[in-house]
A.B. asks: 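My questions all concern the structure below.
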Amino acid sequence: VVPEALELLEGIKEPVSVLAICGPCRTGKSYILSRLLGTADAFELGHRMDPQTFGIWMGTKVLRGKDFTIVLLDTEGIDAAGASADQDARILVLTILMSSLLIYNSLNVPLKGDLEKMQCFIKLSKSITVKEGGKKKMAAFSEFFPDFLWLLRDVSLKPTDKDGKEMDPTDYLKTRVLGREEEEDDFETTCDQVGRAILTFFSSVECAILQRPSAEADTMNNIAKNEEKLNPAFNKGVEDLIERLLQNSRAKRGYDKASTVSGVALSIMTKQYVEAINDPKAIPTLDNTWKNTIQLMRRQAIDEVILEYNQHMQDLVASATENGQVPLEEATENSSGKSTSQPTLMDLHHQATELVTDMLLEKIGHLGINPEGPGNENTAVVEEMQQCLIQHEKRTVDYLAADNTVKKQEGLVVTGGKLFQYIMQNKELSKTFCQKLFEDLYDPIRKQTESPPQNYDFEQLMQELDGARQQYCKQARGPEKWVVLHEMTKNFEKLKANFKKIKGYQEK
């Protein structure tokens with residue numbers, strides 16, 4: 001898989017609808033896709049007998065659907081010169097696994113015998129497994145396979161029944177080409193097997209007809225540059241076909257019910273499918289591929305919302321702390337009942353967590369998880385994200401209260417996760433902030449005690465100390481405020497020797 005194709009898919013975060021075209025070489029497959037993109041040569045067209053498209057090509061332009069992005073795939077022609085039956089089968093398998101609508105493009109109205117050349121459809125049940133270890137039943141594939149549209153090119157005659165009455169193209173295809181006559185014996189020919197495979201593998205099988213673009217050889221040799229010379233009925237048919245394709249397009253289904261595949265998911269699945277198809281000992285398994293994709297998508301979604309959590313927390317903390325100037329209380333119960341308009345660190349964490357939880361559920365919603373009401377899968381994904389944000393355990397911890405006494409408290413202690421780094425940053429900010437506050441409040445008093453003025457007495461000293469403590473308790477912030485007060489007060493005790501110089505001091 002070329003990096004450019006994966007990059008295109010990885011840039012599509014929403015569900016995708018993949019419209020792919022396959023069929024015999026030199027039948028105009030690339031032209032139809034180009035017309036879908038509004039040009040005649042978006043996909044390279046060939047003007048010689050040799051095929052122009054090899055492998056599978058993805059259009060670099062996409063279309064907008066109802067609530068999804070439409071991606072176009074052009075494929076190498078079946079039975080191309082130099083290609084083997086095995087290569088045809090592998091390309092068909094990968095195309096089917098990637099697409100939500102498969103167009104089989106061929107010339108003229110097919111007859112029953114024409115199915116002989118389409119044996120690669122019979123081999124699909126041996127080339128793909130729905131569930132590892134499960135029985136290979138054709139009917140099981142229809143839930144996951146794309147819709148099937150057989151596009152008949154250069155058709156001038158109307159399809160008819162046995163009696164010559166005109167038939168709807170889809171009815172003709174299902175009954176006269178793919179179906180078996182009631183009076184036929186039990187022996188199933190190769191053509192019968194191909195018809196049964198197509199009708200069984202694909203839940204929706206339809207047919208469309210286009211007339212020949214032109215009877216002029218020169219025009220047909222370079223159809224992209226001779227659009228004005230094309231048969232008006234052909235152009236009208238192409239326009240009607242494009243409208244039909246766009247109206248009937250749907251997001252690609254995932255393996256789980258109600259799930260859809262985003263561009264990112266398809267890029268992951270495609271790499272797994274290509275690896276399995278290229279391994280002679282491996283068979284693409286739908287359920288395992290989907291499970292692996294889900295796991296990778298969820299991990300990626302969690303990684304993305306954790307980055308969003310960090311960014312949101314940084315913005316919230318910067319705003320609440322005046323750009324790192326004022327620390328936060330960790331939680332309401334540790335704020336000693338003080339009324340403050342400043343949110344706690346846990347308030348900000350809960351706010352950020354609520355935001356990224358909604359983002360996470362929205363990101364994984366297309367994977368079949370209902371974002372409206374958390375269920376078991378929702379809960380598991382959210383819990384996985386929360387484990388990355390906060391890890392805690394129940395502990396009994398000692399803490400220093402405002403009265404300088406050591407008390408015990410039982411509860412959940414944060415021990416890891418993204419929140420832990422904000423807690424540690426806030427503790428450091430609290431320590432620095434409170435130490436400066438203490439110095440600002442007590443330094444003038446210290447200077448007074450070292451060289452007391454003549455009219456300065458002990459009662460005034462006690463009043464200033466009490467006032468400073470009250471101001472500290474009022475202005476101190478964060479989890480380190482009482483620890484700082486305790487440590488700084490011990491240092492202040494060393495100044496008691498200077499108290500004797502103060503009038504009215506009595507040793508006690």
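These numbers come from a predicted model, not from an experiment. Count residues from 1 along the sequence.
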A.B. asks: Testing the basics here: between Ile242 and Arg35, what is the closest heavy-atom pair and its distance to 0.1 Å?
C.D. replies: CD1-O, 3.4 Å
A.B. asks: Do the charged groups of Lys363 and Glu304 touch, with an N to O distance under 4.0 Å?
C.D. replies: yes
A.B. asks: Taking C-beta and beyond as the side chain, do Thr353 and Ile390 meet within less than 4.5 Å on heavy atoms?
C.D. replies: no
A.B. asks: Can a donor-acceptor pair be found between the side chains of Glu76 and Gln87 at a distance below 3.5 Å?
C.D. replies: yes
A.B. asks: Between the main-chain N or O of Pro343 and the side-chain N or O of Asp347, is there a donor-acceptor pair closer than 3.5 Å?
C.D. replies: no
A.B. asks: Heavy atoms only: give me the nearest Phe420-Thr415 pair and the separation to one decimal.
C.D. replies: CD1-C, 3.9 Å
A.B. asks: Could you tell me whether Asp171 and Arg176 make a salt bridge, using a distance below 4.0 angstrom between a side-chain N and a carboxylate O?
C.D. replies: no
A.B. asks: Kindly state each residue pair satisfying ring pair (Phe, Tyr, Trp, His ring centres under 6.0 Å) with at least one member in residues 295-319, sequence neighbours excluded.
C.D. replies: Tyr309-His349
A.B. asks: Looking only at side-chain N and O atoms, does Tyr422 offer a donor or acceptor that is under 3.5 Å from a partner on Asn310?
C.D. replies: yes
A.B. asks: Could you tell me whether Lys66 atom NZ has more than 12 heavy atoms of other residues or ligands within 6.0 Å of it?
C.D. replies: yes
A.B. asks: Between Glu188 and Arg196, is there a side-chain N and carboxylate O pair less than 4.0 Å apart?
C.D. replies: yes
A.B. asks: Determine whether the side chains of Gln211 and Asp154 contain a donor N or O and an acceptor N or O closer than 3.5 Å.
C.D. replies: no
A.B. asks: Could you pull out all residues at least two apart from Glu322 that satisfy side chain to side chain contact (heavy atoms under 4.5 Å, CB included)?
C.D. replies: Gln325, Val326
A.B. asks: Compare all side-chain heavy atoms of Phe144 with those of Trp290 and state whether any distance is below 4.5 angstrom.
C.D. replies: no
A.B. asks: Looking at Ile306 and Cys388, what are the two nearest heavy atoms and their distance?
C.D. replies: CD1-CB, 3.2 Å
A.B. asks: Roughly how far, to the nearest 0.5 Å, is NZ of Lys271 from CG of Leu9?
C.D. replies: 10.0 Å
A.B. asks: Decide yes or no for Arg244 and Leu149: does some side-chain heavy atom of the first lie under 4.5 Å from some side-chain heavy atom of the second?
C.D. replies: yes
A.B. asks: If I take atom CD1 from residue Ile209 and atom CG from residue Leu151, how far apart are they, to the nearest 0.5 angstrom?
C.D. replies: 9.5 Å
A.B. asks: My understanding is that only one of Thr289, Ile294, Val130 makes a side chain to side chain contact (heavy atoms under 4.5 Å, CB included) with Tyr255; could you say which?
C.D. replies: Val130
A.B. asks: Judged by atom type as modelled, is there a donor-acceptor pair below 3.5 Å linking the side chain of Thr285 to the main-chain atoms of Ile283?
C.D. replies: yes
A.B. asks: Verify side-chain contact (heavy atoms from CB on, under 4.5 Å) between Val2 and Met58, making sure each step is shown before the conclusion.
C.D. replies: CA-CA 10 Å; Val2 296; Met58 180 183 296; over 6 Å; no
A.B. asks: Ala301 and Ile364: which non-hydrogen atoms are nearest, and at how many Å?
C.D. replies: CB-CG2, 3.9 Å
A.B. asks: Indicate the atoms forming the closest heavy-atom contact of Ala251 with Pro15, along with that distance.
C.D. replies: CB-CB, 3.9 Å
A.B. asks: With a 3.5 Å distance limit and no angle check, can you tell me whether Thr170 reaches the backbone of Cys207 through a side-chain donor-acceptor pair?
C.D. replies: yes
A.B. asks: How about Asp74 and Ser30: does a side-chain donor come under 3.5 Å of a side-chain acceptor?
C.D. replies: yes
A.B. asks: Tell me whether Arg253 is salt-bridged to Glu143, with the criterion being a basic N under 4.0 Å from an acidic carboxylate O.
C.D. replies: no
A.B. asks: Hydrogens and angles aside, do Ser17 and Ser100 bring a side-chain donor and acceptor to less than 3.5 Å of each other?
C.D. replies: yes
A.B. asks: Side chains of Met118 and Ile198: closer than 4.5 Å at any heavy-atom pair?
C.D. replies: yes
A.B. asks: With side-chain contact (heavy atoms from CB on, under 4.5 Å) as the test, would you mind laying out the steps for Val205 and Lys174 before giving the verdict?
C.D. replies: CA-CA 8 Å; Val205 176; Lys174 288 182 176 181; 4.1 Å; yes
A.B. asks: Step by step, would you call Leu246 with Leu36 a side-chain contact (heavy atoms from CB on, under 4.5 Å)?
C.D. replies: CA-CA 9 Å; Leu246 295 178; Leu36 265 165; 4.2 Å; yes
A.B. asks: Between Phe148 and Tyr104, what is the ring plane arrangement, given parallel below 30°, perpendicular above 60°, and tilted in between?
C.D. replies: parallel
A.B. asks: What closest approach, in Å, do Leu97 and Lys252 show between heavy atoms, and which atom pair accounts for it?
C.D. replies: O-NZ, 2.9 Å
